[in-house]
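Chain letters run A, B, ... following the sequence lines, proteins first and then strands; every chain starts at 1.
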Amino acid sequence: MNRILSAARRSWSALKRLLKPPRALRFTRLGAAAVLLALGIGLGAMNTGNNLVYMVFGMMLGFITASGVISEASLRGLEQDWILPPEIHARSAAPLRVILRNAKARLPSFGLEAILTLAEADGRRTALSARFPFIPPSAQRSADAAFVPQRRGRTALLSLEVRTRFPFGFFEKSWMRDLDAGFIVYPSCDLPVRATDPTPAWREREFPVPLKGAGDSFLEVRHFFPGDNPSRISWKISARQARLMVRETEKEVERRVIASLEPVAEWEKLSAEDLERAVSYAASYLCEKSRAGFAVGLHGYGPAIGPSTGGKNLARILRALALFEPSAALPALAGKAPAASTDLLALWKSSQGERA
Amino acid sequence: MKTSPPSAAAIYSVWGLSAVALAGLMLTRELEILTLACIFTLLPLFFHFERNRRLKKAPWLENSLVTALLAGSICRFFFFKESFILSVAEFLVFFLLVKCAFAKGRDDLLQMIALSFFLLLSTSTLALDFTFIFSFSFYVLAAAWTLSLFTLDSEGGAGASGAFFKEAGAHLRRNCWITLVLSVFFAGAIFVFFPRLSLAVFQGAFLGSAHQTGFTEKVALQKSGKIYKDPKVALRIEILSPESKSEWQGYLRGQALSRFNGREWTAGRRRGTLKSKDDYRSRILNIRRVTKNRFDLAGPQPESWKRDFAMRLEPGSFLRQKIYMESMDTSILFAAPWIQSLTAAVPRVTVYADGSVQRPSDFRGRISYEAVSLVERPQASLLAQRTGRRNSQAAPLEPESSAENLQLPGPESKDFIDLERIRELAEKIVSGRDSAYAKAVKIERHLRENYAYTLEPSGSDNSRPIEDFLFVSKEGHCEYYASAMALLLRLQGIPARVVTGFLVGELNPNGNYYVVRAQDAHAWVEAWMNGIWAEFDPTPRVNRFEKEEGTLWTAARQKLDYLNFMWNLHVLSYDMDSQQKIARNIDIKSNRISRDLEKRTARWRNAWKSALVKNKKRIHDEEFVVGNTWISIAVIISGFLFSATLIWAGIKGYFKHKPGRQPYWFYKEMIRILEKRGCKKNAAETPYEFARRISEHDHKNELDCAVQSLTFAYCKLRYSGRNLPSSVWGEIESNLIILQKNHGKLTRTFHL
């Protein structure tokens, strides 16, 4: 039954698309005045029988026709494209670059306005406008439209409408194309993060003490004791000292932060506003750490993201945070959170407490 | 919402549009000298201030000035009775000047564009010559340019930069030309085909200006004014019956003036007969449909003239003339004297006892009409015989008319005329035994030979003009001559009257028509010759064209006037009759073409039938032949469809491969060829990644080079925003050929 309904719905929308005129036309105030004036002049010409007034009437009809022809020439043969910035964060301006390509070989396009309609994560619709005064034949032009997303999450690109009032501003002609695309808005990362961390274990890791172990960095040279790995004997120094000496290397410990979203039930208790603030704080915190050279990872809410200093890893974390909805959250796939993980919620709560 | 200020380009183009509209209005030569002076001084001054950005915004002052101008124009129309259109046009001019005097925002520019349009509309109602077509064309170009810039400026403020003009200027100019072509096409089509319903809702209210001419409905003896020297064209006359042209003396009669008070001639109390034709009138609206009507003005006289004056009254005796009369300050219709019939687009005319014809007062303005006049005149000997003493009562004038045309200034006018002195002069000129005709001829000759013609009489005594002319200065213009002769005749007991009209003298050889100017206004005398009113012209003839004839200036002026005449004939006078004429012509020609076509097809059909019958002896019956005809038609149609399909396929193929049609067609072609050979481009793969993938497996191969080259060209075309040079297109073609020639599946080498 559902299949039949969806097929019928699809057919209906296809029929609507088929019946929809290819161009939408709307009178501007100037255009309405011009058309009314043309009618008045036509009546005046009929009344007075003045042949030159007939010519003026014809001129006005010529202008109206030329308006239709030239605006059609402007709108025809256009291909659209867009470029999104690599990261879009909530409540930060992001330039969406709209590209219009004029595929006509000889005719240019004038006075175009591209309206990009987006549906944000909270269902709000936003229309972004970019103007293209002139696109030469067989060329492309781009224009930026400033987009300030209000909320993290999936944002859909619904449609692109290209309209023009060129040449005389009598009519506004447009076409619209549905876009099946979208992008993810990351949580805001510009919240201030405290310099210290409440977790002692983390504090220790912030200032690491050199430890002996496997690594490339040199630590010290000492006497050989039985039980030492003979491969560590430095033969050059042993020859110089005339006794067996062992070369010790520094154990390389990565500075890392594994943040945890567990337990999700605690997040669920937050109000919508607090949830957004907490997620934003978490994102800001992890961005800050990543910038400081820490390997950042995330645990909880789907597959765990292991600690890494790479940009791609941070992007994965931000994406996970962008889509994090405690009510719809899946249990962590990687089992229990690591013992030394940072509880993001606790971190946010403590920051709120300090601010208060 | 606060709008950004308009760009300099938009402001200057609106200035240009305004200047074009004003120039068009000035070309009509209807604006007053004060208005012209304001345009020529204030407009450049304001433009200078505009360029130096010294204009300020003062809405209260602007509004006050416009209100004052509006009040002034209303006063001009209602209190000074000036032309409505002229009042509106001058109001618009000053309104535009006020707009030019202040700093402009976007709304002000829009108002200026609207004002310039209304100026063009005023021009269309005032223009009488072909210069309108220049005003019209320039206006369309300027308006298209200005509106385009204004719209672009409103959309994104791009109209301002020089770089924009460098890049888009040529395309904008092309758009302006497209607009001009479309406007001219529509204007022409509407002009020719739009039905002329000849409805007149507000007939008379929207009149253009009425020209003052030398012709007046009363004659006051005084020094001539500037009108007598005005070369403005008042009428143009086309003679439609050239065989009777030689009989015509060139007079165009207006009206007769019978009442004289010693200084002034007036028509007196006139008795008119209204000749009306049925015209359609709507009861709901005051709409009237006006068509051409023929008015028969001839009375029973021509038959009596034939009998009494031995006139032939053959077709050659009648002059058919078509008269194109400009808008004039009179309702009188002019034609050669002794008018017999008149055809004009008016519902009624009034015919007065003095022979003058008047159109309705609400049908003033420009008019063209046809008139037929009797130009044959009785022989002088017959006139002399008929007006001799024996026949003095042969055909007496009606008593009332006789009294009117024998009237002399009364005793109240003794201060400015001494009739006895003039009577003595008359008796000196004529003899008591002379016939009336002989007396008239003698007086005419006396005045013509003893008095000098001048437009500026030197006599200083304006209080006694006739005596001053006859006895002191002995010089004057036609009105003095005509007045003097009429008075001398009346003093001799011969009914006489002064007639005003025009004397035609200028023939334009380009169009073979006569031009009558304001300065050709004339006055002469009609005297009663026992049955007819005979014309006498005591004014010596002065040919003012003698000096000008043959000069370059005259030739140029005649050419220009011919253009104006053609404009008048084919454009301004284009009406429902012209439309019907065109429709009839089209109908006749299309019928002729269809007949020819029918004949030709019948011939082909017969030839086909006979060929079938001849070649196939077994075919005898008509049915079989008809069946074969249908089959052959079907074959022809299928052949036509097949060839059309082939042509269409060819065109499609041509456009498909035409470089400019689809800029990236070659890359798509490359992908298609490679895909056919097993190498499919992944959706996520960039063009360079794809090319690199092919290169890894087919390094330094011919195919690899072709793919690399095509990929590079594609990226350059797509991402640089510029078209490729023609040499690269040639290379692309050859690379595609290489790709097509490389046979074999690529999957053998590529693991995708």
Side-chain angles (χ1 to χ4, degrees), chain A residues 28 30 33-34 37 41-67 69-70 73 77 79 101-113 131-143 164-170, chain B residues 110 117 120-121 123-125 127 132 136 139-140 143-144 147-148 150-152 154-159 164 167-168 171-172 175 178-179 182-191 194 196-203 206 290 571-575 658-663 717-718 721-723:
Chain A
T28 60
L30 179 64
L37 194 63
I41 287 171
L43 287 174
M46 277 165 66
N47 172 46
T48 58
N50 187 330
N51 287 331
L52 301 188
V53 180
Y54 275 103
M55 287 172 86
V56 175
F57 176 50
M59 179 198 87
M60 295 203 73
L61 293 188
F63 264 77
I64 290 168
T65 314
S67 178
V69 171
I70 296 169
E79 294 169 5
R101 203 170 296 122
N102 182 5
K104 297 185 290 286
R106 290 176 186 281
L107 296 174
S109 293
F110 279 100
L112 301 175
E113 186 184 10
R131 291 179 189 275
F132 299 83
F134 177 62
I135 309 177
S138 303
Q140 66 179 31
R141 289 283 187 274
S142 59
T164 183
R165 291 187 174 195
F166 189 78
F168 307 130
F170 291 164
Chain B
L110 200 58
F117 172 75
L120 177 80
L121 203 57
T123 308
S124 72
T125 55
F132 177 76
F136 178 82
Y139 181 83
V140 171
L147 278 171
S148 302
F150 185 76
T151 309
L152 283 175
S154 316
E155 291 289 301
F164 174 78
E167 200 175 18
H171 297 291
L172 279 177
N175 284 347
I178 290 171
T179 310
L182 284 171
S183 296
V184 168
F185 172 76
F186 273 93
I190 280 175
F191 175 79
F194 202 87
R196 300 297 195 273
L197 301 176
S198 307
L199 298 175
V201 183
F202 301 109
Q203 186 72 36
F206 286 95
V290 183
V571 179
L572 299 184
S573 304
Y574 186 82
D575 55 7
K658 199 177 172 188
R661 184 75 181 172
Q662 289 174 325
L717 181 68
R718 180 154 190 183
R722 289 180 187 170
N723 206 346

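- Here A:Arg101 is the residue among A:Arg101, A:Met60, A:Glu113 with the most heavy-atom pairs under 4.5 Å with chain B.
- Residues B:His171 and A:Arg106 share a closest heavy-atom pair of CE1-O, 4.0 Å.
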| request: Go through the steps for B:Phe191 and A:Tyr54 under the test ring pair (Phe, Tyr, Trp, His ring centres under 6.0 Å), then give the verdict. | output: CA-CA 6 Å; B:Phe191 175 79; A:Tyr54 275 103; 7.7 Å; no
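- Across every non-hydrogen atom of A:Val53 and B:Ser124, the tightest pair is CG2-OG, 3.6 Å.
- Proximity to chain B is absent for every atom of A:Ile64, based on heavy atoms less than 4.5 angstrom apart.
- Between B:Thr151 and A:Gly169, the shortest heavy-atom distance links the atoms OG1-N, 3.4 Å.
- By the side chain to side chain contact (heavy atoms under 4.5 Å, CB included) test, A:Ala73 is found to be paired with A:Leu107, residues two or more places apart in sequence or in another chain being considered.
- Heavy-atom pairs under 4.5 Å with chain B peak, among A:Leu112, A:Thr164, A:Leu30, A:Asn50, at A:Asn50.
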| query | Is there a side chain to side chain contact (heavy atoms under 4.5 Å, CB included) between A:Phe57 and B:Phe186 once you walk through the steps? | reply | CA-CA 9 Å; A:Phe57 176 50; B:Phe186 273 93; over 6 Å; no
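- Residue B:Phe150: no heavy atom, backbone or side chain, is found under 4.5 Å from chain A.
- For the set B:Gly188, B:Ser148, B:Ala143, the count of heavy-atom pairs under 4.5 angstrom toward chain A peaks at B:Ser148.
- Comparing A:Ala66, A:Pro136, A:Pro108 by how many heavy-atom pairs each has under 4.5 Å with chain B, the most go to A:Pro108.
- With a 4.5 Å cut-off on side-chain heavy atoms, A:Met55 and B:Ile190 do not count as touching.
- The choice from B:Leu121, B:Leu147, B:Leu182, B:Val571 that makes the most heavy-atom pairs within less than 4.5 Å of chain A is B:Leu147.
- If you measure heavy-atom distances from A:Phe132 to chain B, you find no contacts under 4.5 Å at all.
- In this structure, chain A has a heavy atom under 4.5 Å from the side chain of B:Phe132, while its backbone stays farther away.
- Proximity to chain A (any heavy atom under 4.5 Å) is shown, for B:Ala189, by neither the backbone nor the side chain.
- Both the backbone and the side chain of B:Leu172 have a heavy atom closer than 4.5 Å to some heavy atom of chain A.
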